[in-house]
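Presented below is the structure to which this report refers.
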Amino acid sequence: VVIDVLRASTTIVTALQAGAAAIHVFGDVEQLFATSERFPAPERIRGGERGGQKLAEFDLGNSPLDYTQTQVANRQVFLTTTNGTRCLEAVQNAAQVLVGALINRQAVAEYLIHTQPQQVWLVGSGWEGAYSLEDTVCAGAIAEAIVTQTQTALGDIAGNDELVAAVSLYRQWQEQLLALLKISSHGQRLLRLNAQDDLAYCAKLDLVDLLPRQKEPGVLVAR
Ligand code: MLT
């Protein structure tokens, strides 16, 4: 389960909810252009960001609020971001790849409760290889939903100490997720770019009942 609360995984969930046909993720801008050129212009839309800022020559940046029905319905979305899409590329050979955010936390938890996979990795995208608060709290929120809804002890499902710490973080901040996002380092970066509305949206819990899954390497669709 790839998590990039600020903002790639929130954007992917939102775009699919708005009716995008599929999201094609790329770490590399040139590869994105080469692949997206094969689709007729009216059928495609390109989204790109580095350091939180929209890339030139792209239709959209990475604000989930820009991925509206008018922009993306029935279109192929080609997306490149600083960390989230690179993280998705890094795990694209896993047996199953899903996308999690705070806004679809319950959809992720329900799927895992229902399918009971033997092993699950909750993969925080972080920031350029470093830890991030927002992805960790989301991993904790997913695990907490599983623990409470299956009445299981955390110690019986946690595969490592990181997950126990993630659940503790969530329990501490669950009533103040927006406040936590605002003090996170990437939250601070986005606030400097005037993305207050994005933070408020990304902090909402269980807003969207949709689970993106990888259909083929690098291509995500609604489950
Ligand atoms: C990322 O992939 O690092 C993020 O989504 C950056 C952003 O907020 O646009």
Side-chain angles (χ1 to χ4, degrees), residues 1-18 20 23-33 36 45-68 71-72 77-92 97-105 108 121-139 141 177-204 207-208 210 212 214 217-220:
V1 182
V2 171
I3 301 169
D4 186 5
V5 170
L6 294 175
R7 295 165 290 177
S9 62
T10 307
T11 296
I12 290 167
V13 172
T14 304
L16 289 171
Q17 176 76 2
I23 317 288
H24 305 248
V25 292
F26 293 85
D28 182 73
V29 171
E30 280 176 22
Q31 271 181 15
L32 182 152
F33 271 93
S36 58
I45 190 147
R46 295 174 178 134
E49 144 299 309
R50 285 294 177 273
Q53 289 184 286
K54 178 179 173 295
L55 286 168
E57 297 176 28
F58 278 69
D59 304 302
L60 300 175
N62 188 29
S63 169
L65 303 177
D66 289 344
Y67 287 73
T68 59
Q71 291 282 12
V72 304
V77 175
F78 294 85
L79 184 68
T80 180
T81 70
T82 312
N83 304 283
T85 58
R86 290 175 182 172
C87 185
L88 278 157
E89 272 193 346
V91 303
Q92 66 182 11
V97 178
L98 306 168
V99 175
L102 290 170
I103 61 166
N104 74 333
R105 182 279 300 255
V108 177
W121 288 91
L122 300 170
V123 184
S125 301
W127 187 264
E128 295 182 342
Y131 174 95
S132 81
L133 277 173
E134 67 277 13
D135 297 339
T136 308
V137 83
C138 182
L177 291 170
L178 177 55
L180 182 67
L181 265 50
K182 281 183 176 170
I183 60 170
S184 70
S185 59
H186 188 45
Q188 296 272 309
R189 187 178 295 107
L190 290 172
L191 288 174
R192 288 193 291 276
L193 296 171
N194 292 321
Q196 291 85 349
D197 293 348
D198 282 8
L199 259 69
Y201 176 73
C202 293
K204 289 187 196 299
L207 184 70
V208 180
L210 183 143
Q214 183 177 261
V219 182
L220 301 156

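Below, all heavy atoms of this structure are taken into account, side chains as well, without hydrogens, waters or symmetry copies. Order of listing sets the numbers, starting from 1, for every ligand and every atom in it. Along the sequence shown, residues are numbered consecutively beginning with 1.
In Glu49, the part holding a heavy atom less than 4.0 Å from any atom of ligand 1 is the side chain. The proximity of Asp4 to ligand 1, defined as any non-hydrogen pair under 4.0 Å, is limited to the side chain. The residue Arg86 has no part lying near ligand 1, judged by heavy-atom distances below 4.0 Å.
Taking the side chain as every heavy atom from C-beta outward, Asn104 and Pro212 approach each other to under 4.5 Å.
Ligand 1 places these atoms under 4.0 Å from at least one heavy atom of Arg7: 4 (C), 5 (O), 7 (C), 8 (O), 9 (O). Close contacts between ligand 1 and Thr81 involve ligand atoms 1 (C), 2 (O) [criterion: under 4.0 Å to a heavy atom].
Scanning all protein heavy atoms for the shortest distance to atom 3 (O) of ligand 1 gives Asn83 ND2, 2.6 Å. Here the heavy atom of the protein found nearest to atom 5 (O) of ligand 1 is Asn62 ND2, 2.7 Å. For atom 8 (O) of ligand 1, the closest heavy atom belonging to the protein is His186 NE2, 2.6 Å.
Open room surrounds NZ on Lys204; 12 or fewer heavy atoms of other groups in view lie less than 6.0 Å from it.
Residue-to-ligand polar distances place Ala8 within reach of ligand 1: an N/O pair is separated by less than 3.5 Å. For the pair Leu190 and ligand 1, the shortest N or O to N or O distance does not fall below 3.5 Å.
Just one of Thr80, Thr81, Asn62 meets the side-chain hydrogen bond (donor to acceptor under 3.5 Å, both in side chains) condition when paired with Arg50; it is Thr80.
Considering CG of Asp59 and CD1 of Ile45, their distance stands at 4.5 Å, rounded to 0.5 Å.
Relative to atom 4 (C) of ligand 1, the option among Thr82, Leu6, Leu79 with the closest non-hydrogen atom is Leu6.
The side chain to side chain donor-acceptor pair (under 3.5 Å) search around Asp135 returns Ser132, not counting sequence neighbours. Among residues two or more places apart in sequence or in another chain, the side chain to side chain donor-acceptor pair (under 3.5 Å) test is passed with Arg86 by none.
Ring geometry, Phe58 versus Phe33: the interplanar angle exceeds 60°, so the pair is classed perpendicular (tilted spans 30 to 60°).
Between the side chain of Glu49 and the main chain of Thr82, a donor-acceptor pair closer than 3.5 Å is present.
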